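It should be emphasised that the depicted structure is a prediction, and the values quoted were computed from it without experimental measurement. Residue numbers begin at 1 in each chain, while the letters A, B, ... track the order of the sequences.
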2 protein chains.
Amino acid sequence: MALRKTKATSVDIAHRAGVSQATVSRVLRGSPLVNAETRKRVLDAVQELNYKVDRRASSLRTQRAGTLALLLFEDPTEDESNINPFFLSMLGSITRACARHHHDLLVSFQQLSDDWHADYEDSMKADGLILLGYGDYVDYRPKLERLVEQGTHFVRWGAVLPDQPGVSIGCDNFAGGRLVGEHLIGLGRRSIAFLGDASSHYPEFHARYRGCELVQREAGIAEEPALQVDALSSEEEGYEAAKALLGRGVLFDAVFAASDLIAIGAIRALLEHGLRVPEDVAVVGFDDIAMSRFCNPPLTTVYQDTAHAGELLVETLLKLVNGHAAQSQMLPAKLVVRRSSGA
Amino acid sequence: MALRKTKATSVDIAHRAGVSQATVSRVLRGSPLVNAETRKRVLDAVQELNYKVDRRASSLRTQRAGTLALLLFEDPTEDESNINPFFLSMLGSITRACARHHHDLLVSFQQLSDDWHADYEDSMKADGLILLGYGDYVDYRPKLERLVEQGTHFVRWGAVLPDQPGVSIGCDNFAGGRLVGEHLIGLGRRSIAFLGDASSHYPEFHARYRGCELVQREAGIAEEPALQVDALSSEEEGYEAAKALLGRGVLFDAVFAASDLIAIGAIRALLEHGLRVPEDVAVVGFDDIAMSRFCNPPLTTVYQDTAHAGELLVETLLKLVNGHAAQSQMLPAKLVVRRSSGA
DNA sequence: CTGAAAGCGCTTACAG
DNA sequence: CTGAAAGCGCTTACAG
């Protein structure tokens, strides 16, 4: 081992301050039943020896880790470095929310196929779990059920559905879809293609689709199944989906992509095909990742307040950890208009 | 507290398997001195009770946390959600490297001004620290010195300098700068502006600058101080720096931006000013963030292998934690040519 | 190969 | 207001 002065313990502090170790602990825990002067002596010693309480020991004793775990999972096919920027931004906000609530954050990337249910909480490293990631909900759901069964404390980010196991926080995807539909219809577009899996396997995408669909129906536009092409959230899949759409020979004057990454890939395919965006085809995405401001043309999209989402996720989980009830909740969606929709 | 069956402990397992608690521990630690049949009985019990060893207790006993901490710090001015995408991609690769080495990762965002030195290791929550972030090196260096003094185990990502406190892993920024210079000169550009702080406060940017400078000098081009404008790594600062450059009235036919974010902001300013990229001005960035593929025009830049960097960071830190010597190391830079440089 | 026992560094009733 | 003591769940010399 590298040389280092061995760490001070509460016993060292007690010795130096001339009190018992128990008193040191009381001072550090902020107990009111300590004489002011005693407290000062202890605090001085803490300062001098640069003492920090050993969180493992205190956690072992109190049975509270003071730590939350974030499980970020992705489809196994995804490239290593290719994490969805949206989740990365969530990660930033969750980290900060944890700090505000004086908790540490353990981060782990997982594959949906992994046996992640409860590992962290079971080994007592974390008091609760935050689940974040895209993945097939049909595979996902039974895992959530097991988590509930085991009494694991967790919150997930994602679609907020009725009869869902556990507590979820998510964007109001349906309202977001409506916003997009209204925007596009308002701009005179009549044939809106949807790029993204619109089945119950991906309920977030599905809700976005339905929201937009409803607006079209209200406007008297008949549903056209050929205008929907499956895609998961990546530039590549967006590109391929747009190609496939083009190959079908159906006419369309707008594309609603289920995510910004899909939209960016779709724009590339459209331009390659000699179409102009937004003149020939208006394009709208979802997420408002940083890139959507800088791509060409800048992308009209739906903004989700990640800062608020992170705070809400942490707050909600902490409620659960402390034995209180907590509700699933939806965050409002907001349309951000940029050049790609031709407004 | 929420209801949940209380967790099984090693005592429960011992009871069920009809052995002592010590034997359970031996089996779980993989000790060779356990009879095969005994081992099986224990493992079966572990399975049945879904037992997981309490890492806090084992860590308290062994004095090893099995956890690494990642301290991501930024300038306090930065917007919450606006984390440099390059660091986010490093974070992904570090997380995975930790998993491969069976360690957990504690993540924390800090401000450079915070008193982050050693908090984590001092409270025994982590065995070592990974330091990641841009910041003024002149402010940063004394903190590194304190870390070394305290015997804290850490590795940082950043400039690899002689006489530097501690161990650093970084990209060969000087070679990267050379690559950019050679590319641009080879394309016939003669006046290369540099956007980025080129002082010892930001040694990574500085090395990139000097690498490019050297190539120009070798090509017989005199240094022109008016062609350098300070900027930290953000789109906004890139935009402002390019504006400032334009305002100076010096002629230039190329821009070397110290980071992709700066380059993207610079392109926006150049286009607004009626210049064409790359026809009038070739632009090259640094980092190869995902966005650089999708911006318009796609950005020529210098790629740093983040996947490898993460692995190296974790490996090196683990060496240190285990009491072995470890070296600072530089990763090769690689030029990625796209449209913005007009090649 | 296995068990009994000490101890890692805390927190918190229990007495006083 | 303070101290002595038990105990959180492990690991690992020490005996046998």
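Between C/dT12 and C/dG16, the two C1' atoms lie 16 Å apart (nearest whole Å).
Here the closest heavy-atom approach between residue B/Ala65 and residue B/Arg55 is recorded as O-NH1, 3.4 Å. A/Ile13 and A/Leu49 get closest at one heavy-atom pair: CD1-CD1, 3.8 Å. Of all heavy-atom pairs spanning A/Ala307 and A/Ser93, the tightest one is CA-CB, 3.7 Å. In terms of heavy atoms, A/Val148 sits closest to A/Gly166 at CG2-N, 3.6 Å. Contact between B/Gln329 and B/Val160 at its shortest, heavy atoms only, is O-CG2, 3.5 Å.
A/Thr38 comes within contact range of the sugar-phosphate backbone alone, with a heavy-atom separation under 4.0 Å but no base atom that close. Nucleic acid contact for B/Val19: sugar-phosphate only, since backbone atoms but no base atoms lie under 4.0 Å from a heavy atom of the residue.
Rounded to whole Å, the distance from CZ on B/Arg29 to P on C/dC1 is 20 Å. In this structure, NZ of B/Lys40 is placed 19 Å from C1' of C/dC1, rounded to the nearest angstrom. Taking atom CZ of A/Arg39 as the reference point, atom C1' of D/dT2 lies 13 Å away to the nearest angstrom. Atom pair A/Leu33:CG and C/dA15:C1' shows a separation of 14 Å (rounding to whole Å applied). For A/Asp12 and C/dC8, the CG to C1' distance is 14 Å, given to the nearest whole Å. In this structure, B/Leu28 places its CG atom 12 Å from P of D/dT12, rounding to the nearest Å. Put simply, CD on A/Gln21 is 11 Å from P on C/dG9, counting in whole angstrom units. D/dG9 atom C1' lies 16 Å from atom CG of B/Leu49, rounded to whole Å.
Each of B/Leu129, B/Leu68, B/Leu317 was scored for a side chain to side chain contact (heavy atoms under 4.5 Å, CB included) with B/Val155, with one residue passing: B/Leu317.
Of the candidate nucleotides D/dT11, C/dG3, C/dT12, C/dT12 has the atom lying nearest to any side-chain atom of A/Thr62. Closest contact between the side chain of B/Ser25 and the listed nucleotides C/dC8, D/dT12, D/dG3 involves D/dT12. Between D/dC8, C/dT2, C/dT11, one nucleotide has an atom nearer to the side chain of A/Leu60 than all others, and that is D/dC8. Comparing C/dA5, C/dG9, C/dC10 by their nearest atom to the side chain of A/Val53 picks out C/dC10.
In this structure, A/Thr23 reaches the D/dG3 phosphate: one of its side-chain N or O atoms is under 4.0 Å from OP1 or OP2. Between A/Thr9 and the phosphate of C/dC8, there is no side-chain N or O to OP1/OP2 separation shorter than 4.0 Å. Applying the 4.0 Å criterion to OP1 and OP2 of D/dT11, one finds that B/Gln63 has every side-chain N and O outside that range. In terms of phosphate contacts, A/Ser10 brings a side-chain nitrogen or oxygen within less than 4.0 Å of OP1 or OP2 of C/dC10. Dashed line: the shortest gap from a side-chain N or O of B/Ser58 to OP1 or OP2 of D/dC10 is not under 4.0 Å.
Along DNA chain C, the nucleotide nearest A/Arg61 and the nucleotide nearest B/Arg26 are compared for position; the residue whose nucleotide lies closer to the 5' end is B/Arg26. Residue-to-nucleotide proximity on DNA chain C shows that, of B/Gly18 and B/Ala57, the 5′-proximal contact is made by B/Gly18.
Using N1 to N3 plus N6-O4 or O6-N4 for Watson-Crick, or N1-O2 and O6-N3 for G-U wobble, each under 3.5 Å, C/dC14 pairs with D/dG3.
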